[in-house]
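Residue numbers run from 1 in the order of the sequence given. What you see is a predicted model, and the numbers here were worked out from it, not measured in a lab.
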Amino acid sequence: LQLLPLWRAAQQEIEASKEARAVAVQETAFAVAQAYHDVLRADAQGEVAEETVRLAGAEERRARVRYEVGELVKTDLLRAEVALAQAQQLATAATNGKRLAREVLGRLIGREATELAMPPPPSLPVADAATGVEMALTRRPDLRRQERLLAAANEERRRRQFALLP
């Protein structure tokens, strides 16, 4: 009589372990997706920074020409040079951010992250929030794991109750 609750508790713990693995897989997939989007964001920021350097360089060249012909004062030229230096500094930071984002993604996927494609726009699998909540409650492995652990604890409680019976 005491073996049946023990067996059931063990089965529930096995199922809870399977759900814990599913949680780990889900968390890994989320981390990869997050790192992937970080790479896309860093690439876009790098493009903006490069364009800013190009524009600041052109502005600095125009300011230098105007200063040399006497159309601008020295402070205006210095202002353009400072803007160029700041843009170059931001571009360097953006390049480092791109490298770091790709390295993080590469570590997560176990290989070098080279060319990436834009993902398709997301679509919602449900029509309303109530359906979404119900779907989450039945599909989330972390919640299913907790249910399995609760069932295992209940089986252990039953086993102890049987042990107290004469």
### Task
Please examine the side chains of Phe30 and Gln26, heavy atoms only from C-beta on, and report whether any two atoms are closer than 4.5 Å.
no
### Nearest heavy-atom neighbours spanning Ala152 and Glu13
CB-CG, 3.8 Å
### Message
Rounded to the nearest 0.5 Å, what separates atom CD in Gln12 from atom CZ in Arg148?
### Response
5.5 Å
### Query
Any idea which heavy atoms bring Ala22 and Pro141 closest together, and the distance?
CB-CB, 3.5 Å
### Message
Check this for me: does any side-chain nitrogen of one of Glu147 and Arg144 sit under 4.0 Å from a carboxylate oxygen of the other?
### Response
no
### Distance (rounded to the nearest 0.5 Å) between Leu40 CG and Gln45 CD
11.5 Å
### Task
Considering non-hydrogen atoms only, spot the tightest contact between Leu143 and Ala136 and give its length.
CD1-O, 4.0 Å
### Task
First locate atom OG of Ser17, then atom CZ of Arg145, and finally report the distance between them rounded to the nearest 0.5 Å.
7.5 Å
Could you pull out all donor-acceptor pairs under 3.5 Å where a side-chain atom in residues 77-88 meets a protein atom, sequence neighbours excluded?
residue	atom	partner	partner atom	Å
Arg79	NH1	Asp76	OD1	2.9
Glu81	OE2	Arg64	NH2	2.5

### Message
Can you tell whether the side chains of Arg107 and Glu103 come within less than 4.0 Å, N to carboxylate O?
### Response
yes
### Task
Look up atom NZ in Lys98 and atom CZ in Arg41, then write down how far apart they are to the nearest 0.5 Å.
14.5 Å
### Task
Could you tell me the separation between the CD atom of Glu15 and the CG atom of Leu149, rounded to the nearest 0.5 Å?
11.5 Å
### Task
Indicate, with yes or no, if Trp7 and Leu150 share a hydrophobic cluster defined by side-chain heavy-atom contacts under 4.5 Å among Ile, Leu, Val, Met, Phe, Trp and Tyr.
no
### Glu60, Glu71, Glu59 screened by salt bridge (charged side-chain N to carboxylate O under 4.0 Å, His left out) with Arg66, the one that passes
Glu71
### Side-chain heavy-atom pair Glu51, Leu55 within 4.5 angstrom cut-off
yes
### Task
Can you measure from CG (Leu105) to CG (Asp38) and round to the nearest 0.5 angstrom?
9.0 Å
### Neighbour count >12 (heavy atoms, 6.0 Å) for atom CD, Gln89
no
### Message
Do Leu100 and Asn96 make a side-chain contact, defined as non-hydrogen atoms from C-beta onward lying under 4.5 Å apart?
### Response
no
### Query
Do other residues, nucleotides or ligands put more than 12 heavy atoms under 6.0 Å from Glu68 CD?
yes
### Query
With a 4.5 Å heavy-atom cut-off, do Val32 and Ile109 have their side chains touching?
yes
### Criterion side-chain contact (heavy atoms from CB on, under 4.5 Å) on Gln146 and Glu19, from CA distance to verdict
CA-CA 9 Å; Gln146 292 302 320; Glu19 298 296 346; over 6 Å; no
